[in-house]
Colleague: 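One structure follows; several queries about it will come next.
Remember, it's 1-based here, ligands and their atoms both numbered in the order they're listed. The chain is numbered in sequence order, starting from 1. Hydrogens, waters and symmetry mates are skipped; everything else that's a heavy atom, side chains included, is used.
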Amino acid sequence: MTLLFVNACLRDGSRTDRLARMWLERRAYPGDVVELSLARQDVRPLGAAGPNRIDDYNRGVAAHDFEHPMFDYAKQFAQADEVLIAAPMWNYGIPALLHDYLELVCSQGVTFDIDATGAYVSLCHAQRLTFVSTAGGPQVDPLDDHAWGYVRTLATRFWGVAQPDSVIAWSVDMIGADVDALLAAALD
Ligand SMILES: Cc1cc2nc3c(=O)[nH]c(=O)nc-3n(C[C@H](O)[C@H](O)[C@H](O)COP(=O)(O)O)c2cc1C
């Protein structure tokens, strides 16, 4: 059994990283925890050129040929029994590095597919996914939340996770914020 910890915390002293490790300690996962630190990965988006060409992606998906390394993140993700994603809120959304990673994870034929009726079908093992985050400012209106809102949409629509969880500490950059207390409160 494997819990895949997708770590998109990029700053030394990251509070999000701290909150994710607090969550992991509490979770006490009874299998292997595999941490994928995106800061140490050379994640490249799909593009017209470069290593992850959209034409190669489309060809691979159409032929059901997922040998190209661009599909490796999706294969790893599909095999995980549980997923933890940790990322700070940046510009009402997620860091571009995590977005690029998720773009590759959302490979049709690897983590999800589309059936004859046009409905999405999950190809992921995980039934449980948690998103851990911190934000400098106060909690935003759900319509402005493109971080948890985005991850939640992918989890429910593509990966078949019925009830993904979020653990978010807001207001950590506010003057006088008691960050330890905010992180602890987010966990509870
Ligand atoms: C590039 C950038 C964009 C940010 N955008 C937002 C934002 O849209 N909303 C917000 O509340 N805080 C924003 N912040 C503040 C971070 O969310 C906050 O400092 C967070 O705790 C950083 O997490 P970390 O300590 O794990 O790096 C931003 C910070 C950076 C560096």
Colleague: Does Cys9, backbone or side chain, put an N or O under 3.5 Å from an N or O of ligand 1?
Modeller: no

Colleague: Would you say Leu123 and Val110 make side-chain contact, with heavy atoms under 4.5 Å?
Modeller: no

Colleague: Among protein heavy atoms, which sits nearest to atom 21 (O) of ligand 1, and what does the distance come to when rounded to 0.1 Å?
Modeller: Thr134 OG1, 2.7 Å

Colleague: Applying a heavy-atom cut-off of 4.0 Å, say which part of Ser14 lies close to ligand 1: side chain, backbone, both or neither.
Modeller: both

Colleague: Step through the shown structure and confirm whether more than 12 heavy atoms of other residues, nucleotides or ligands are within 6.0 Å of CG on Asp188.
Modeller: yes

Colleague: Counting each atom of ligand 1 from 1 as listed, which ones have a heavy atom of Thr16 under 4.0 Å away?
Modeller: 23 (O), 24 (P), 26 (O)

Colleague: Assess whether atom CZ of Arg157 is packed by more than 12 heavy atoms of other residues, nucleotides or ligands within 6.0 Å.
Modeller: no

Colleague: Apply side-chain hydrogen bond (donor to acceptor under 3.5 Å, both in side chains) to the pair Gln41 and Tyr73, showing each step before the final yes or no.
Modeller: CA-CA 11 Å; Gln41 297 287 311; Tyr73 290 133; 2.6 Å; yes

Colleague: Could you tell me the residue and atom name of the protein heavy atom closest to atom 19 (O) of ligand 1, and the distance to it rounded to 0.1 Å?
Modeller: Asp173 OD2, 2.6 Å

Colleague: How far is atom 12 (N) of ligand 1 from its nearest protein heavy atom, and which residue and atom name does that atom have?
Modeller: Gly136 N, 3.1 Å

Colleague: Around atom CZ of Phe66, are there more than 12 heavy atoms from other residues, nucleotides or ligands closer than 6.0 Å?
Modeller: yes

Colleague: Considering only non-hydrogen protein atoms, determine which one is nearest to atom 27 (O) of ligand 1 and report residue, atom name and distance to 0.1 Å.
Modeller: Arg11 NE, 2.8 Å

Colleague: Heavy-atom distance to atom 6 (C) of ligand 1: which of Arg18, Arg15, Gln139, Met89 wins?
Modeller: Met89

Colleague: Between Asp55 and Arg59, does any NZ, NE, NH1 or NH2 come within less than 4.0 Å of an OD or OE carboxylate oxygen?
Modeller: no

Colleague: Using a 3.5 Å cut-off on N or O atoms only, is Gly137 in polar contact with ligand 1?
Modeller: yes

Colleague: Of the protein's non-hydrogen atoms, which lies at the shortest distance from atom 8 (O) of ligand 1, and what is that distance?
Modeller: Tyr92 N, 2.8 Å

Colleague: So which bit of Val172 gets within less than 4.0 Å of ligand 1, heavy atoms only: side chain, backbone, both or neither?
Modeller: side chain

Colleague: Answer whether the closest heavy-atom distance between the side chains of Gln76 and Thr2 falls below 4.5 Å.
Modeller: no

Colleague: Using a 4.0 Å cut-off to any heavy atom of Ala135, which atoms of ligand 1 qualify?
Modeller: 11 (O), 17 (O)

Colleague: Look at atom 29 (C) of ligand 1 and say which protein heavy atom is nearest, naming residue and atom and giving the distance to 0.1 Å.
Modeller: Trp90 CD1, 3.7 Å

Colleague: Is there a side chain to side chain contact (heavy atoms under 4.5 Å, CB included) between Asp145 and Met89? Walk through the geometry before answering.
Modeller: CA-CA 9 Å; Asp145 178 359; Met89 174 174 269; 3.8 Å; yes

Colleague: Going by the angle between their ring planes, with limits at 30° and 60°, are Tyr120 and Phe158 parallel, tilted or perpendicular?
Modeller: perpendicular

Colleague: Which residue and non-hydrogen atom of the protein lie closest to atom 22 (C) of ligand 1, and at what distance in Å?
Modeller: Pro88 CB, 3.6 Å

Colleague: Less than 3.5 Å between some nitrogen or oxygen of Asn91 and one of ligand 1, yes or no?
Modeller: yes

Colleague: As a quick check of understanding, evaluate side chain to side chain contact (heavy atoms under 4.5 Å, CB included) for Leu24 and Tyr29, giving each step before the final call.
Modeller: CA-CA 7 Å; Leu24 274 172; Tyr29 187 71; 5.7 Å; no

